Amino acid sequence: MKSFDYTITDEAGIHARPAGLLVKEAKKYQSKIVVKMGSKAAEATKLMAIMGMGVKKGDTVTVEAEGGDEDVAVNGMKAFFENNF
Amino acid sequence: MIEFIGKSVYKGIAMGKVLVMGKEEDIVKREKIEDTNAELLRLGNAIKKSQKQLQDLYEKAVKEVGEASAAIFEVHQMMMEDEDYLDAIHNMICNENVNAEFAVATTGDNFSDMFAAMDDDYMKARAADVRDISGRIVRNLLGREQNVMSQPEPVVIVADDLSPSETVQMDKEKILAFVTVHGSTNSHTAILARMMNIPALVGVPVDLGKIRTGMVAIVDGTSAKVIFEPSAQECLTAVNKIKEQEEQAKLLETLKGKENITKSGKKINLYANIGSVSDVGYVLENDAGGIGLFRSEFLYLGRDSFPSEEEQFQAYKQVAQTMANKKVIIRTLDIGADKQADYFGLEKEDNPAMGYRAIRICLKQQDIFKAQLRALFRATAYGKISIMYPMITAVSEVEQIYKIAGEVKRELDEAGIIYQEPEQGIMIETPAAVLISDELAKLVDFFSIGTNDLTQYTLAIDRQNSKLDEFYDPHHPAILKMIQMVVDNAHKEGKWAGICGELGADMELVKTFVQMGVDELSVAPSMILKLRQIIREMD
């Protein structure tokens, strides 16, 4: 399993539309990708669960990838977070 | 025959079939089903149909209101693909043997409750989105109409109230009139009706339970009356009035291309107010001399984050180019008070009309202001753009604005980006600005009097409160005196002064304004030719 931490800098946090893009990105990989924050966790392919976490600016999330392409997945997701959040 | 009186926001008369919106009973009954596979198939088809509708809506909205405002329909599509949501519906159908309608409605309620319980206003608002997508699937399962787009004939829209997202979904060609139970004369519906040139009544005490889609209705904006199921005699009267109206419209057509000049040779400029790029069509169609008020808020509202400088630049450039060297006065961000966007993170205020809004936000959060100014200055290279600043109360505010504009220009110079020096003016919409208009006139190129706010601040009447309508006198002598004072002070410094509030389109006051020496009236596009007619008949 690979993972990285990321602190949200976008004013809006993980809002509806970027959350939708996040789901699209996560679906590109075979690995199971999970977003965690404190006691909350959601699979990155599940839009409403991701939105339901209510991630705001300044929050730090941990993104984990586990599976055959976990190296590629974690790099891809990291780049995605940096560009969008 | 059932008759109601409401408040008219646009004169004119229309007759046609009614479409009742939003109040149809979406009550779903729980039914036991035997064949779960057949039920899953029905569900799959309804979802496919819903996705197709959302895709159509998205494409329509992109054309009409732009990518940013259309994004909501893309989000709806994504939500409808959500695995948890779909799994929950499937499980209910398979494990509890219930009908698809019930499974969708119940799952929708559960998910929307989750959002509603969140400690974040933006996410709370997403509860409505979940209910919206679930309602759409249910309506498709029940084989009900979704909205006006699927109506073959033009209709009279009757609704409790209409949200901007509902009006976006409508096919503008197929609307004859609006009748709403709620909504003020400043509501979104009212603005849309004026833009589209169709009769509209708000605050009509209709019992929606008694009105059915398909009934015939006459909507008369002049008497503020709507008649459902009219008698033959009433229909005849309406047909005659409609004929008269059409003749009047033809007469107005002949005024296109003519000057706004009185018999004794006094001239006035008639410009148009618009709220989005797509409104430019109405401006040209009605032969306006320019755009006197382009509300830039549309770029900021109905979205999740700030519009980029590039996005704004493209919008301003498009309008400037389309108007082909006619004047385009763009008002900088006027948000706060009654116009809010969640991502601004504005705190709730007890008195938002007197609170943190418009230029006050721009001067405190200069990064937002600078991005807009950069976009505006860049766009000056493509047409005749003027910049107008709202909610000014002091000379020092104008000085601060010029300082920031100066920094923006320096940055553009350094980057080698070309721009023209635009006219810069201010809105006069506070009594303070009126009283110091002699000082302000030395600093700015023009004044535009925003009569809606000026009246509300002068008379101490909240314009959102419909209870106060009887106290609201738009022709109050205090307002007229203020207008005269502003015009005189502008002229003393060789500057021009216009009016861009509702009052500018007041047909009873046009003559007064011309006599006062007002240089420009900026009004809804549909009012241009009517005002031109009055002016040309003046001595």
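As the structure is a computational prediction, the values presented were derived from the model and not from experiment. Just so it is clear: chains get the letters A, B, ... in the order the sequence lines come, proteins before strands, and each one is counted from 1.
Interface remark: K24(A) contributes side-chain atoms only to the contact with chain B (heavy atom separation under 4.5 Å). I50(A) does not touch chain B: none of its heavy atoms, backbone or side chain, sits under 4.5 Å away.
Here the CG atom belonging to L86(B) is positioned 11.0 Å from the NZ atom belonging to K46(A), to the nearest 0.5 angstrom. If you take CG on D10(A) and OH on Y343(B), they are separated by 11.5 Å, rounding to the nearest 0.5 Å. Going from atom CE of M51(A) over to atom CE of M114(B) covers 7.5 Å, rounded to the nearest 0.5 Å.
When the candidates D304(B), V130(B), D129(B) are compared by the number of heavy-atom contacts under 4.5 Å with chain A, D304(B) comes out ahead.
L47(A) places none of its side-chain heavy atoms less than 4.5 Å from the side chain of E81(B).
Residues of residues 102-113 of chain B that come within less than 4.5 angstrom of chain A, heavy atom to heavy atom, are F111(B) in numerical order.
Among M78(B), E83(B), M79(B), the one residue that satisfies the side-chain contact (heavy atoms from CB on, under 4.5 Å) test with M48(A) is M79(B).
Summarising the local packing, NZ of K32(A) is surrounded by 12 or fewer heavy atoms from other residues, nucleotides or ligands at distances under 6.0 Å.
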